[in-house]
Amino acid sequence: MPSEKEILMIQKATMYDLLQIIRADPGKTYTPEELEKLICSYITGLQQ
């Protein structure tokens, strides 16, 4: 089982990945629904 420190590092890495995806198209704005879909897609991709 990961330690609290390892969990925090994983969470930060995940947020960094998502920021990179969002920044890839700086002119795009996202609706809450689009952000939810993006996050769900990211999570689903990690589980495969």
Side-chain angles (χ1 to χ4, degrees):
M1 176 170 252
S3 69
E4 287 186 38
K5 186 175 181 180
E6 290 170 323
I7 291 170
L8 181 59
M9 288 175 17
I10 293 166
Q11 288 172 335
K12 287 182 178 185
T14 300
M15 291 289 86
Y16 181 79
D17 287 346
L18 289 170
L19 282 174
Q20 294 304 314
I21 292 168
I22 292 168
R23 288 181 178 162
D25 190 0
K28 174 146 176 58
T29 56
Y30 293 89
T31 65
E33 293 81 14
E34 289 173 320
L35 288 172
E36 181 180 349
K37 185 177 177 182
L38 177 66
I39 292 167
C40 288
S41 296
Y42 180 86
I43 291 168
T44 303
L46 286 178
Q47 293 174 351
Q48 294 179 4

Side-chain heavy atoms of Leu35 within contact of Leu18, under 4.5 Å: no

Heavy-atom side-chain contact between Glu36 and Pro32 under 4.5 Å: no

Interatomic spacing from CD1 in Ile39 to OG1 in Thr44 - rounded to 0.5 Å: 11.5 Å

Cluster overlap Ile43 with Met15, hydrophobic side-chain contacts below 4.5 Å: yes

Heavy-atom pair of closest approach, residues Arg23 and Pro26: O-CD, 3.5 Å

Set of salt bridge (charged side-chain N to carboxylate O under 4.0 Å, His left out) partners for Glu34, sequence neighbours left out: Lys28

Residue Gln20 excluded, over 12 heavy atoms near CD under 6.0 Å: yes

Shared hydrophobic cluster for Leu8 and Ile10 (ILVMFWY, side-chain gaps under 4.5 Å): no

Non-neighbouring partners of Gln11 that pass side chain to side chain donor-acceptor pair (under 3.5 Å), sequence neighbours left out: none

Nearest atoms (heavy-atom pairs only) where Tyr30 meets Ile21: OH-O, 4.2 Å

